[in-house]
Protein chains: 2
Amino acid sequence: MRQSLRIGLAGLGTVGVGVFNLLQENADIIAARAGRPLQIVAVNARDANRARGVDLKNCVWAARPQDLLSIENLDAVVEVIGGADGDALALAEGALRRGRHFVTANKALIAHHGAELAKLAEAHNAGLGFEAAVAGCVPVVRALRDGLAASRITALHGILNGTCNYILTQMRETGQSFATILKQAQQKGYAEADPALDVEGTDTAHKIAILAALAFGKAPVLTKGNTTGIGHITPTDIRFAGELGYRIKLLGIGREQDGKISQSVEPCLVPASSPLGMVEDVYNALFITGNYVETPFLSGRGAGREPTAAAVVSDLIDLARGRIGPAFGIPASQLRAPMLADTGDDVCGFYLRLNVIDKPGVIADLSAILRDRMISIEALLQRGRDPGQPVPIVMKMHPCRARDMREAAARMAKLEACAETPCLLRIEEDL
Amino acid sequence: MRQSLRIGLAGLGTVGVGVFNLLQENADIIAARAGRPLQIVAVNARDANRARGVDLKNCVWAARPQDLLSIENLDAVVEVIGGADGDALALAEGALRRGRHFVTANKALIAHHGAELAKLAEAHNAGLGFEAAVAGCVPVVRALRDGLAASRITALHGILNGTCNYILTQMRETGQSFATILKQAQQKGYAEADPALDVEGTDTAHKIAILAALAFGKAPVLTKGNTTGIGHITPTDIRFAGELGYRIKLLGIGREQDGKISQSVEPCLVPASSPLGMVEDVYNALFITGNYVETPFLSGRGAGREPTAAAVVSDLIDLARGRIGPAFGIPASQLRAPMLADTGDDVCGFYLRLNVIDKPGVIADLSAILRDRMISIEALLQRGRDPGQPVPIVMKMHPCRARDMREAAARMAKLEACAETPCLLRIEEDL
């Protein structure tokens, strides 16, 4: 047996403790697969005295994250502190500059600084692993980087945030509001005290940026203005979507067409019986479209202590084997920022729900706005009548240009009869 | 750009031509991901003069597969000839002994000789790639070897043969017999003229042997006597399974318990709304169970020219990158034949369909046989009555020992009232 892979671990929160436990519990199988033992020789965390249920007596304690870098003969640094900059970035740069492998579960760090870190890694012949940053233990990074490397990938559709998927699933099953379910999710530990990163779509935006970089051979970029969360989705929308044969899922979407990339995060309608439509609760999934491979699909536990730890350790095993590859699938020197497409040019179906005052002529006004933009209605649902009061009207549109549809919805919002902001959602059919 | 990876291709059938086309069509993206171009410099096929729509003018023609080995500066040999022994095995051994990488789509070869080839590869510092041998472009080999390497995998459930899954799907949708649908599948090119390898389960047995080796860290073995095909499944079984909430799928199953491995191939009932239950037509899928990762799931096109070619080329890309890993996830020197469990000890639910002569006392006789073995019935379905004639009776059993259930079914088959061999199928619930 060759000598151990010596690891410095920064962060002893949920995931850090998971990595610790996993390396102990599966030590035999991990050593067999890595060809050598994996050993945490040094740790750093904010509070040295907190009880965590892990035995640190064989580990050097580093007072600050960067103190890990002065540990002798360290092979790899694992970062599970979080944050796009600050300590996490300094540690990544410091480790890679010293030729030490760097493995992280930090999607913000990789989404913001992935390309420069990949260049550092390559320059110093070190490995950069971030399988844990997206979809937990579901090996989506490897699938795009290695398994599907021969395919010209044209689209990615991912359910990448377990908190949002849990909330949407619960809303559908109970008919309760976003706010009510969010509170329950927080009580169960499925949502953070400050849920903004999750429910406003930022977390998904980080993840689709990483996946799009891998799929399309570009540097990861965060696109502005194309990120919408799930706070405006109502049980009414979920029920109407169900009547039309769909479920509402927060999707991270990446597309490549004519050399341009489009990226967005938004709640979409997906067919209820499609692979993505069937992904419920905290599960994550990725539906990939590419030439030669058609539509591979991966799903599983996307977050939490154990799946994330399993992904971190899978990267360490590959590094212990000596398998250092291009972090984003192509040589880092070739990673360029992508040309971005205008998502207004996308052509797709739409779901539109309006709350309108129930009075004669409303439907005529709405349909005139659509007609003027050559948008045609495939289905129109109206339940109940309540003259003079707001009632929901739902329309499913035939595929049209997104820009036209958004203009039409904005125009409708200005109608006197329109009681609140319309809810406009993309329909993603071929999943 | 570094120099090309020089490839010798043995076999210009469906997959060989697919590899050829893919390397041309996606040449830019493949070279970027591999860090260098991939170039087929020599080919071999049975008939040099057959028109295949590929331009071979820049390739050396090898009259016999082994002639590829004398091509100078060859980096890798791709074998898509087929067969567990003969030319394929000789070529694999010859290539690896010369330190050349060997990539294959040949599941029979790897199931029979995988461990010895992995040892040869390791001894000569060459790569052995067989992602294409199982589930086409769905990266199941990499998932088990790399992405889930930190997990102690305890079970695999795979839909690994597209022909069988297509036939079972069509039988369900049309209500037609196995024989009728098989004939249609042959006309459409979804089944071979000699369908035995597929429909009798041998192909699935090869594939689950490979996956079990990867998952459990053992040499691949073919288990005797645990392989059942789909020829005895009737539309009646599919209909009754549906009434009970299940679909019938040919599963390759691998399990590890107390250090012993059990492997089987058999048509099973799986919940209709489970991930595996939803996999239809020619699609393949793998449902994995392991600690820390819970239940990751992968699916996609499992066979055919393009997906298989994509998997072959994905292996070539990894080799061009210099990423040579342990072929079965652990050092080849440690690959041992597994201890095999007796599947008779398995405890699970069962579906049993009997055709019995409709006369008083039959149910009493059947239930006495079950009672004597402490097997209890969860549901009993009987449709229609036709005194003196055979009618189908279907029972769903609570979980019991497989050995007891098989004995009970054999005992029932001997009853005078039993008009034909009972159809006994496992129920796999937690998928």
Side-chain angles (χ1 to χ4, degrees), chain A residues 18 21-23 25-26 28-30 32-35 131 136-143 145-153 217 273 275 278 285 288 290-301 306-307 309-314 316-318 321-326 329-331 334, chain B residues 18 21-23 25-26 28-30 32-35 131 136-143 145-153 217 273 275 278 285 288 290-301 306-307 309-314 316-318 321-326 329-331 334:
Chain A
N21 292 344
L22 172 53
L23 287 177
E25 193 175 335
N26 287 1
D28 55 341
I29 208 158
I30 290 169
R33 288 181 177 154
E131 184 67 74
C137 66
V138 191
V140 291
V141 170
R142 280 184 180 79
R145 191 192 62 199
D146 305 337
L148 305 172
S151 170
R152 196 179 301 276
I153 307 286
S273 61
M278 302 288 292
I288 301 157
N291 76 351
Y292 281 78
V293 302
E294 293 191 15
T295 55
F297 174 79
L298 295 86
S299 68
R301 288 286 290 205
E306 298 200 339
V312 165
V313 175
S314 78
L316 291 170
I317 290 172
D318 253 359
R321 286 168 173 169
R323 290 164 57 93
I324 301 173
I330 67 169
Q334 293 171 37
Chain B
N21 293 343
L22 172 52
L23 287 177
E25 194 175 334
N26 287 2
D28 55 341
I29 209 158
I30 290 169
R33 290 181 176 153
E131 184 67 75
C137 65
V138 190
V140 292
V141 170
R142 280 184 180 79
R145 192 192 62 199
D146 305 336
L148 305 171
S151 170
R152 197 178 300 277
I153 307 286
S273 62
M278 302 288 292
I288 301 157
N291 77 352
Y292 281 78
V293 301
E294 294 193 15
T295 54
F297 174 78
L298 296 87
S299 68
R301 288 286 289 205
E306 297 200 341
V312 165
V313 175
S314 78
L316 291 169
I317 290 173
D318 253 0
R321 288 169 173 168
R323 291 165 57 93
I324 300 173
I330 66 169
Q334 293 172 36

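Below, chains carry the letters A, B, ... as their sequence lines are ordered, and counting in each starts from 1.
With a 4.5 Å cut-off on non-hydrogen atoms, B:P331 touches chain A through its backbone and its side chain both. Looking at B:I288, there are no atoms closer than 4.5 Å to chain A (heavy atoms on both sides), in backbone or side chain. Heavy-atom distances place both the backbone and the side chain of B:P307 under 4.5 Å from chain A. Within the 4.5 angstrom heavy-atom criterion, atoms from both the backbone and the side chain of B:L148 approach chain A. For chain A, the nearby part of B:E294 is the side chain; its heavy atoms alone come within less than 4.5 Å. Heavy atoms closer than 4.5 Å to chain A are found in both the backbone and the side chain of B:D146. The contact between A:A149 and chain B is made by backbone and side chain atoms together, counting heavy-atom distances below 4.5 Å.
In this structure, B:N26 and A:R152 approach most closely via the heavy-atom pair ND2-N, 3.3 Å.
Note: A:N291 leads A:V138, A:T295, A:N21, A:N291 in heavy-atom pairs under 4.5 Å with chain B. Per-residue heavy-atom pair counts under 4.5 Å with chain A were compared for B:P275, B:C137, B:S299, and the maximum is reached by B:S299. Per-residue heavy-atom pair counts under 4.5 Å with chain A were compared for B:A310, B:G147, B:A309, and the maximum is reached by B:G147. By number of non-hydrogen pairs under 4.5 angstrom with chain A, the leading residue of B:A34, B:S151, B:A143 is B:S151. With respect to chain B, the highest number of heavy-atom pairs below 4.5 Å among A:G300, A:S314, A:G325 belongs to A:S314. Chosen from B:I29, B:I324, B:L22, the residue pairing most often with chain A at heavy-atom distances under 4.5 Å is B:L22.
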message = Does A:R321 form a side-chain contact (heavy atoms from CB on, under 4.5 Å) with B:R323? I'd like the steps, not just the answer.
response = CA-CA 10 Å; A:R321 286 168 173 169; B:R323 291 165 57 93; over 6 Å; no

message = Could you go through A:V312 and A:E131, starting from their C-alpha distance and side-chain angles, then the distance that decides it, and tell me whether this counts as side-chain contact (heavy atoms from CB on, under 4.5 Å)?
response = CA-CA 7 Å; A:V312 165; A:E131 184 67 74; over 6 Å; no

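In this structure, the side chain to side chain contact (heavy atoms under 4.5 Å, CB included) partners of A:L23, at least two apart in sequence or on a different chain, are A:I7, A:V19, A:I30, A:L38, A:I40, A:V313.
Here A:L298 contributes atom CG and A:R142 contributes atom CZ; the two are 12.5 Å apart, rounded to the nearest 0.5 Å.
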